[in-house]
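Quick note: numbers below take in every heavy atom, side chains included, and nothing from hydrogens, waters or symmetry partners. Letters go in sequence order (proteins before strands), and every chain restarts at 1.
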2 protein chains.
Amino acid sequence: MHKTGGDNPKKLVSCPVEATIQVVGGRWKVLILHRLLEHDMRFGELLRALKGVTARTLTKQLRELEADGIVSRTVHQQVPPMVEYAITPKGRELEPTLLAMHAWGEKYG
Amino acid sequence: MHKTGGDNPKKLVSCPVEATIQVVGGRWKVLILHRLLEHDMRFGELLRALKGVTARTLTKQLRELEADGIVSRTVHQQVPPMVEYAITPKGRELEPTLLAMHAWGEKYG
DNA sequence: CAGGATCCGTACTGATACTG
DNA sequence: CAGTATCAGTACGGATCCTG
């Protein structure tokens, strides 16, 4: 979720819960985090793992997560190029949230 | 969250985490739940509590939460009208998620 | 009081084609 | 491989006016 932001002017968050939703609210972000919490992944791996996402969208969501300090992006200089995404400590602390969401989603939904 | 759906065709959720995000991903939904977890509220109360939301938007978000079985809507037949919103048992089980989000948002963000 | 109706901006996301 | 550029649809959410 992430819609009124525009150029991400930090948005003036009134409640801590809102801050978290803005970081995790994107269409694919929780899925991305879910994967990266298990192990680092390359761009192409994520692209295949998240059936349905396009490269353009995946790139944007990853960039936003990166800007929020949730994931790190490491470019391995070589041919062909290889870019690895990993979760940061800050991002890993979202794991309880993800687990809680997973539990709820499994019970309902 | 909560974007490509359209007329809410149950969306084919591949991961439980995704199901939860789709329910909670609205711009104001976590704020609404946060309030309702404390105590029931009338429409006008919510409208004032959530500084910045419009009546139209609040109505829509409440209707979606209602459709997802997260909140209940009780109309007290009288003049002037009085409508109370409350959290359902299903909705209350989102509390761990909200708490986890609250903790993270308090530390970062 | 608690909305419904209408108009509308724009952010989100996808499709497709192209590049270092 | 890992993107970027461009075009475009549409759902989300706000503003404003109106009503039982």
Exercise for the section: Could you check B:W28 against A:R48 and say which one's nearest nucleotide on DNA chain D is further toward the 5' end? Expected result: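 Looking at the nearest nucleotide for each, A:R48 comes out on the 5' side.
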Just the rounded figure in Å: distance from [atom2] of [N] to [atom1] of [X].
X	N	atom1	atom2	value
B:L46	C:dC1	CG	P	14 Å
A:I21	D:dG13	CD1	P	11 Å
A:E45	D:dA2	CD	C1'	13 Å
B:E84	C:dC1	CD	P	15 Å
B:E64	D:dA11	CD	P	12 Å
A:Q22	D:dC12	CD	C1'	15 Å
A:D40	D:dA2	CG	P	13 Å
B:L62	C:dC1	CG	C1'	15 Å

Exercise for the section: Residues of residues 52-61 of chain A with any non-hydrogen atom less than 4.0 angstrom from an atom of DNA chain D: list those, numerically ordered, please. Expected result: A:R56, A:T59
Exercise for the section: Just jot down the salt bridge (charged side-chain N to carboxylate O under 4.0 Å, His left out) partners of A:K107, sequence neighbours excluded, or say none. Expected result: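 If we apply the salt bridge (charged side-chain N to carboxylate O under 4.0 Å, His left out) test to A:K107, skipping adjacent residues, the hits are B:E93.
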Handout entry: Counterpart residues, salt bridge (charged side-chain N to carboxylate O under 4.0 Å, His left out), relative to B:K60 (two or more places apart)
Key = none
Exercise for the section: Could you work out which one of D:dA2, D:dG20, D:dT4 sits closest to the side chain of A:R63? Expected result: D:dT4
Exercise for the section: Could you work out which one of C:dG3, D:dG20, C:dT13 sits closest to the side chain of B:P81? Expected result: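 Nearest nucleotide to the side chain: D:dG20.
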Exercise for the section: Check side-chain contact (heavy atoms from CB on, under 4.5 Å) between B:L99 and all other residues, then give those that pass, not counting sequence neighbours. Expected result: B:E95
Exercise for the section: Please state whether the phosphate of C:dA11, meaning OP1 or OP2, lies under 4.0 angstrom from any side-chain nitrogen or oxygen of B:R27. Expected result: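 Negative; the distance criterion is not met.
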Problem - Nearest non-hydrogen partners of A:I21 and B:I21, listed with the distance - result: CD1-CD1, 4.3 Å
Completion exercise
So the side chain to side chain donor-acceptor pair (under 3.5 Å) pairs with at least one residue in residues 70-90 of chain B (sequence neighbours excluded) are B:R63-B:Y85, B:R73-B:Y85
Below 3.5 Å, can you tabulate the donor-acceptor pairs from side chains in residues 38-45 of chain A to any protein atom, sequence neighbours excluded?
unit_1	atom_1	unit_2	atom_2	d
A:E45	OE1	A:R42	N	2.8

Exercise for the section: For the residue pair A:T20 and B:H102, establish whether any side-chain heavy-atom pair is separated by less than 4.5 Å. Expected result: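 A side-chain contact under 4.5 Å is absent here.
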